[in-house]
2 protein chains.
Amino acid sequence: MPAWAGLPDGWAVGETGLVPGGATRSDTRMGQHKPRSRIQRQNRETILEAALAVFSQHGFRGATLDMIAAQAGLSKPNLLYYFPSKEAIHVSLLSQLMDTWLAPLRALNPDGDPIAELRAYMRRKLELSRDYPRESRLFANEIIQGAPRIEHALATDLKALVDEKSAVIRGWSAAGRIADVDPHHLIFSIWALTQHYADFDVQIRAVLGANRDPLTEAEGFLDRLFTRLLAP
Amino acid sequence: MPAWAGLPDGWAVGETGLVPGGATRSDTRMGQHKPRSRIQRQNRETILEAALAVFSQHGFRGATLDMIAAQAGLSKPNLLYYFPSKEAIHVSLLSQLMDTWLAPLRALNPDGDPIAELRAYMRRKLELSRDYPRESRLFANEIIQGAPRIEHALATDLKALVDEKSAVIRGWSAAGRIADVDPHHLIFSIWALTQHYADFDVQIRAVLGANRDPLTEAEGFLDRLFTRLLAP
DNA sequence: ATTGTTTTTGACCAAATGGTCAATCGGACG
DNA sequence: CGTCCGATTGACCATTTGGTCAAAAACAAT
């Protein structure tokens, strides 16, 4: 199963999945690509799971269809029976990822307690780093290389969401309920600090040495950090 | 010229540069690979500069010798006259980079004012993100993919340096001159927050929209953040 | 000019890689 | 049992790519 199964999700968005067999779906309603057979869903999931492992570790170009096929336990032509191309697999992963990735920010409740809400947001993002490091690295790889495949989503969906939540945070500042910090950079700092523990995992473990638990320690550290930063 | 020319550097370390021509250096002292002709130094620099641009944008496997050759204005066989392989170019870049990258931490002065020292460290790292984003991304690419080529340096050189400076910071905490925070995670937070502005540049600009200057804003934000975090 | 050395490159090569295709397999159903 | 259709794959292909090599330029020293 895909790693993000059972998350505060919402599917939606892109999903560039062309149905195998080539034939156009007889379904008239647009965007209704679901009716795949049991075995099809199964294999698509297997492939995406394998592709996640390979893409996140080697990047798009570093990954080969053979690697993904081997990891999935399928033949290469069989991969291409379920996905039209290597890029389609990649895009499919990215579009699923976006939702999972933004869910924690979506959940920021304007009516909750400001500091509690922001700390909860940070903690949820840290949980993603702990539980879904491969997804984090897949995303990081894409952004570092200039986000060729998701730049548009960043400038539209992501920007809209961040702007919306920034307004909320600005309101909290104005009301004196949290310190007066730039909301955008506050959000960036949450991203940076939490994702760092997934993306730079090797480095962190190399520096800390074995028998220390980076993610657990991070929780305490970051909690203190944001508490101090946000105190009015 | 390489982008990091004129930095608080120190060369040293690896430098896996085999001298073209195949002949062994007559120099008896080990590690003395320098005596290259003017044109050789020139072309090696041109190649490394081009390779930095290409590797940092496409990752190791995403980069091709043809891209690098084109960027450098040289023929592909000519590249391989100056470097034995694609990997040698990459390693050469990484080993130079390590020094530049760690210089700011090395400069942390145990006898200075704790908060001023740590803020200065943060600011120097942020300057690296502003002035050498390609180097930052090259490094990030390598770490994300498991640091296959520099894991050893991380576990030895880097760990040693961080441990050393951590002891200093712990001393400051114990003396009540800064708040009691875990030194390792404090350093990680500086890395995360500053490098994020280089590595995730596209995302940040997409979210902030044009006509905002991320790096300048970041300086103020981060200064406030660390001031609040470290206040005893 | 002549000779010797360093640089440069066009032509090639073998391996890797994304993708195609015709043929085969397998199971559901009549 | 036989038919049909989705699933699977071995063989194959064109292109890309890291790397080689022998020959040609450049250049230096006499």
Side-chain angles (χ1 to χ4, degrees), chain A residues 16-26 33-48 50-51 54-55 57-93 148-149, chain B residues 16-26 33-48 50-51 54-55 57-93 148-149:
Chain A
T16 320
L18 301 181
V19 183
T24 322
R25 277 268 132 220
S26 56
H33 287 299
K34 291 288 101 177
R36 291 190 252 265
S37 76
R38 185 164 55 274
I39 183 167
Q40 288 222 8
R41 255 194 301 274
Q42 232 293 98
N43 277 348
R44 282 182 63 97
E45 276 184 15
T46 304
I47 291 171
L48 288 175
V54 177
F55 279 136
Q57 203 195 337
H58 301 279
F60 179 74
R61 285 224 33 184
T64 73
L65 286 178
D66 287 298
M67 289 182 195
I68 299 174
Q71 179 85 17
L74 297 173
S75 68
K76 184 169 64 169
N78 210 4
L79 289 198
L80 294 164
Y81 175 70
Y82 290 101
F83 291 89
S85 68
K86 178 185 177 185
E87 174 141 4
I89 303 178
H90 194 239
V91 169
S92 192
L93 278 175
R149 284 165 253 268
Chain B
T16 320
L18 302 180
V19 182
T24 323
R25 277 270 130 218
S26 57
H33 286 300
K34 291 289 99 176
R36 291 189 251 266
S37 75
R38 184 165 56 275
I39 184 167
Q40 288 221 9
R41 255 194 300 273
Q42 232 295 98
N43 277 349
R44 281 181 64 97
E45 276 184 14
T46 303
I47 292 170
L48 287 174
V54 177
F55 279 136
Q57 204 196 335
H58 301 279
F60 180 74
R61 285 223 32 181
T64 72
L65 286 178
D66 287 297
M67 289 182 195
I68 299 173
Q71 180 85 15
L74 297 173
S75 68
K76 184 169 63 168
N78 209 4
L79 289 198
L80 294 164
Y81 174 71
Y82 290 101
F83 290 89
S85 68
K86 179 186 177 183
E87 175 142 1
I89 302 178
H90 194 239
V91 169
S92 192
L93 278 175
R149 284 164 254 267

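Worth saying up front: this structure is predicted, and the values here are computed from it rather than measured. Heavy atoms only: backbone and side chains are in, while hydrogens, waters and symmetry mates are out.
Atom pair A:K86:NZ and C:dG19:P shows a separation of 8 Å (rounding to whole Å applied). At whole-Å resolution of the value, CE in A:M67 and C1' in C:dG18 are 13 Å apart. Here the P atom of nucleotide D:dT9 and the CG atom of A:L74 are 7 Å apart, to the nearest Å. Per the geometry, CG belonging to B:N78 stands 16 Å off P belonging to C:dA11, to the nearest Å. Note: CD1 (A:I68) to P (C:dT17) measures 12 Å, nearest angstrom. The distance from atom CG of B:D66 to atom P of D:dT20 is 15 Å, rounded to the nearest whole Å. The distance between atom CZ of A:F83 and atom C1' of C:dT20, rounded to the nearest whole Å, is 19 Å. Look at OH on B:Y81: it is 17 Å from P on D:dA25, rounded to the nearest Å.
At the phosphate of D:dT8, OP1 or OP2 sits under 4.0 Å from a side-chain N or O atom of A:N43. For the pair B:Y82 and C:dT8, the criterion of a side-chain N or O lying under 4.0 Å from OP1 or OP2 is met. One finds no side-chain N or O of A:Q40 lying less than 4.0 angstrom from the OP1 or OP2 phosphate oxygen of D:dG6.
Of the two residues contacting DNA chain C, namely B:S75 and A:A63, the nearest-nucleotide position lying further toward the 5' end is that of B:S75. Position along DNA chain C of the nearest nucleotide to B:K76 versus A:R61 favours B:K76 as the more 5'-ward residue.
Annotation for B:A50 and B:I68: closest pair CB-O, 3.7 Å, computed over non-hydrogen atoms.
Taking every side-chain heavy atom of B:S85 into account, D:dG19 is the closest of D:dG19, D:dT8, C:dG19. Minimum atom distance to the side chain of A:P77 is reached by C:dC21, of the listed C:dC21, D:dT17, D:dT8. Nearest to the side chain of B:L80, among D:dG19, D:dA7, C:dT9, sits D:dG19. Nearest nucleotide to the A:T64 side chain, out of C:dT17, D:dT8, D:dT20: C:dT17.
Side-chain contact between B:Y82 and B:I89 is absent, with no heavy atoms from C-beta onward closer than 4.5 Å. Side-chain atoms of B:R61 and A:H58, non-hydrogen and from C-beta on, never get closer than 4.5 Å to each other.
B:F60 carries B:K86 over the face of its six-membered ring, with the cationic atom under 6.0 Å from the centre and within 45° of the normal.
Although no hydrogens or angles enter the test, the distance criterion places no donor-acceptor pair under 3.5 Å between the side chain of A:S92 and the main chain of A:A88.
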